[in-house]
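Below: the structure, in structure tokens.
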Amino acid sequence: MRILITGSNGLLGQKLVQLITEQSRHELIATARGENRLPYEKGYEFESLDITNQQEVMDVVGKHKPDVIINTAAMTNVDQCETEQEDCWKLNVTAVDNLIEASKKQNAFLLQLSTDFIFDGEDGPYNEEAEANPVSYYGESKLAAEKLIIQSKIDWAIARTVLVYGIAHDMSRSNIILWVKKSLEEGKEIQVVDDQWRTPTLAEDLAKGCLLIAEKKAKGIFNISGDDLLTPYEMAIKTAEFFNLPQTTMTKSDSTKFKQTAKRPPKTGFILDKAKRELGYTPHSFEEGIKVLAEQMKK
Ligand SMILES: NC(=O)C1=CN([C@@H]2O[C@H](COP(=O)(O)OP(=O)(O)OC[C@H]3O[C@@H](n4cnc5c(N)ncnc54)[C@H](OP(=O)(O)O)[C@@H]3O)[C@@H](O)[C@H]2O)C=CC1
Ligand SMILES: Cc1cn([C@H]2C[C@H](O)[C@@H](COP(=O)(O)OP(=O)(O)O[C@H]3O[C@@H](C)C(=O)[C@@H](O)[C@H]3O)O2)c(=O)[nH]c1=O
């Protein structure tokens with residue numbers, strides 16, 4: 001099948017390109033805003049695509065006629081979404097409508113990436129039927145995108161994920177294992193909260209989950225995350241222990257002391273029964289995920 005991905009320079013985008021080109025079972029069109037920053041040369045076609053540009057979306061999708069579109073592109077800096085709400089909405093919502101229209105025209109299956117931040121975090125972990133109630137503008141934008149997808153007449157799936165970690169080329173933003181490891185190596189003071197709960201997700205597992213959905217054209221909402229429910233503090237301790245780093249500059253904190261611009265939902269995390277049953281999805285444990293990263297760091 002022909003798969004077109006958006007945001008191919010991003011963390012998930014890069015892992016999807018690596019996975020699909022390694023398996024070489026499908027034709028791949030990798031699209032990204034601006035230039036191709038991928039560290040892979042072959043096995044895919046590249047197209048520059050700004051998904052907020054409706055004409056560009058129609059032209060690129062019309063030219064390549066993909067069977068499946070995987071939309072990974074988004075404004076993923078949660079605090080930036082809180083302060084730059086117009087740009088957040090343009091990218092996380094209006095651009096999704098562009099992709100829906102193009103999917104309708106080309107009869108393509110659209111897989112949209114979504115998040116645990118559509119929930120308020122009062123009673124996680126969540127299954128796919130839980131009631132959404134976002135506490136940040138980022139969460140509101142991702143929920144609005146889900147609603148556009150669900151009420152559209154196209155064939156669609158939504159893959160929801162949580163706190164993605166991994167290492168990729170030329171990354172736009174860091175993630176928890178990397179910033180904890182770097183801070184402790186540099187002896188930098190960090191406060192890490194222990195009153196938020198997540199099921200952190202190895203980027204490679206998320207890519208595999210997305211490909212399972214795409215290959216089966218499995219319709220509906222799927223939770224695709226890690227299986228271990230951990231606090232950021234527990235994740236930081238596990239990271240320090242794995243890399244044998246001193247913990248002296250790390251202080252346990254909580255959300256009353258550690259302030260971020262956008263509110264974070266306290267207890268999220270996902271229940272994975274549906275993805276395991278219907279897709280055969282099998283994520284790494286958090287410890288195994290750290291090991292995968294450590295191997296990649298050696299290269
Ligand atoms: N990371 C996480 O913890 C989680 C992520 N998700 C969701 O998963 C998806 C992928 O996340 P992740 O890979 O981490 O995100 P990244 O921030 O790593 O990648 C997002 C990509 O979108 C690109 N982009 C920005 N604007 C546009 C545009 N106008 N047109 C096309 N592409 C654009 C960015 O380009 P550039 O590189 O040039 O900035 C970037 O490469 C997102 O939808 C996110 O909401 C859900 C839960 C958790
Ligand atoms: C930076 C930082 C974060 N934290 C905690 C807060 C939070 O619970 C966790 C991660 O914080 P960050 O701000 O790095 O990441 P955050 O923006 O919370 O990550 C979110 O990204 C978007 C895209 C999603 O969709 C969500 O699933 C989630 O992954 O670590 C600390 O405790 N200390 C720190 O210094």
Side-chain angles (χ1 to χ4, degrees), residues 1 3-26 28 30-32 36-44 68 70-74 76 111-116 157-182 198-216 218 222-230 232 235 238-239 242-243 269-270 272 274-276 278-299:
M1 66 170 47
I3 301 175
L4 183 146
I5 63 173
T6 70
S8 61
N9 286 329
L11 176 56
L12 173 58
Q14 290 190 46
K15 299 301 183 184
L16 274 168
V17 171
Q18 184 178 17
L19 177 65
I20 296 170
T21 51
E22 267 169 8
Q23 287 189 354
S24 63
R25 273 205 302 267
H26 307 295
L28 177 60
T31 77
N36 181 5
R37 304 199 313 263
L38 284 160
Y40 316 110
E41 303 293 318
K42 48 189 190 303
Y44 67 94
V68 174
I70 304 178
N71 183 36
T72 87
T76 56
L111 167 54
Q112 168 69 11
L113 270 293
S114 193
T115 170
D116 58 326
I158 290 169
R160 291 176 179 158
T161 192
V162 180
L163 200 59
V164 181
Y165 63 92
I167 189 158
H169 176 75
D170 190 4
M171 298 170 77
S172 318
R173 63 196 281 264
S174 187
N175 50 80
I176 189 153
I177 293 184
L178 301 184
W179 62 255
V180 166
K181 177 174 180 293
K182 188 168 181 295
R198 303 283 182 264
T199 46
T201 310
L202 180 67
E204 280 79 358
D205 286 342
L206 178 57
K208 280 191 193 132
C210 290
L211 191 55
L212 284 169
I213 294 170
E215 288 177 332
K216 297 172 190 295
F222 294 92
N223 288 345
I224 305 286
S225 77
D227 228 348
D228 302 328
L229 187 66
L230 299 163
M235 297 176 216
K238 288 175 185 292
T239 302
F242 181 87
F243 291 104
F270 282 159
L272 305 179
K274 180 180 176 187
K276 288 178 178 175
E278 296 187 18
L279 303 172
Y281 173 67
T282 52
H284 289 76
S285 70
F286 187 67
E287 280 81 357
E288 290 162 347
I290 298 179
K291 239 180 249 154
V292 168
L293 250 72
E295 285 307 309
Q296 293 170 358
M297 288 170 177
K298 286 181 196 149
K299 285 175 189 160

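Values below: every heavy atom of this structure, side chains too, minus hydrogens, waters and symmetry copies. None of the values given here were measured: they were computed from a predicted structure.
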Within-4.5 Å side-chain heavy-atom neighbours: T201 and P283
no
In terms of heavy-atom contacts, G166 and L178 come closest through O-CD1, 3.4 Å
Review point. Does any non-hydrogen side-chain atom of P200 lie less than 4.5 Å from one of N175?
Key: no
Smallest heavy-atom separation, Y281 atom then D205 atom, equals CE1-O, 3.5 Å
query: So, are K216 and E278 salt-bridged, with charged N and O less than 4.0 Å apart?
result: no
Query raised in the report: Going by heavy atoms in the side chains, are D116 and R160 under 4.5 Å from each other?
Result: no
Next item on the list: Would you sort out whether C210 and L111 count as a side-chain contact (heavy atoms from CB on, under 4.5 Å), showing the intermediate values?
Entry: CA-CA 8 Å; C210 290; L111 167 54; 3.8 Å; yes
Interatomic distance, CG@L202 vs CZ@F286, rounded to 0.5 Å, equals 10.0 Å
_Strictly distance-based, threshold 3.5 Å: is any side-chain N or O of D228 a donor or acceptor partner for the main-chain N or O of S285?_
no
**Prompt:** Got a donor-acceptor contact below 3.5 angstrom from the S8 side chain to the G13 backbone?
**Reply:** no
Tightest non-hydrogen contact, residues S174 and W179, listed as OG-N, 3.7 Å
Q. Taking side chain as C-beta onward, heavy atoms only, is T239 less than 4.5 Å from I290?
A. yes
Judged by atom type as modelled, is there a donor-acceptor pair below 3.5 Å linking the side chain of K274 to the main-chain atoms of L279?
no
dist E215:CD -> Q23:CD (nearest 0.5 Å) comes out at 6.0 Å
**Request:** In sequence, state the C-alpha distance, the side-chain angles, and the governing distance for L113 and L206, and then conclude on side-chain contact (heavy atoms from CB on, under 4.5 Å).
**Result:** CA-CA 10 Å; L113 270 293; L206 178 57; 4.1 Å; yes
* Asked: Is a side-chain N or O of T31 found less than 3.5 angstrom from the main chain of I5, in a donor-acceptor match?
  -> yes
**Message:** Using side-chain heavy atoms (C-beta onward) and a distance below 4.5 Å, is K291 in contact with F242?
**Reply:** yes
Would you check, one step at a time, whether the test side-chain contact (heavy atoms from CB on, under 4.5 Å) holds for I177 with M235? CA-CA 8 Å; I177 293 184; M235 297 176 216; over 6 Å; no
NZ (K15) and CD (E204) are apart, to the nearest 0.5 Å, by 4.0 Å
Side-chain touch K181/L293, heavy atoms, less than 4.5 angstrom | no
For T199 and G269 the tightest heavy-atom approach is OG1-CA, 3.3 Å
Output for pair (Q14 CD, L38 CG), nearest 0.5 Å, gives 5.5 Å
Interatomic distance, CG@N223 vs NZ@K276, rounded to 0.5 Å, equals 11.5 Å
Rounding to 0.5 Å, atoms OG1 (T21) and NZ (K42) come to a distance of 9.0 Å
Heavy-atom closest pair (A203 atom, L12 atom, distance to 0.1 Å) is O-CD1, 4.3 Å
task: Could you check if a side-chain atom of H284 sits within less than 4.5 angstrom of a side-chain atom of K208, using non-hydrogen atoms only?
output: yes
Test item: side-chain donor near acceptor, T6 and N71, under 3.5 Å: yes
Check whether any side-chain heavy atom of I20 sits under 4.5 Å from a side-chain heavy atom of Y44, and report yes or no. no
In short, H169 meets R37 closest at the heavy-atom pair CD2-O, 2.9 Å
Item to complete: Decide side-chain contact (heavy atoms from CB on, under 4.5 Å) for I3 and L211; before the verdict, give the C-alpha distance in whole Å, the side-chain angles of both, and the deciding distance to 0.1 Å.
Response: CA-CA 10 Å; I3 301 175; L211 191 55; 3.8 Å; yes
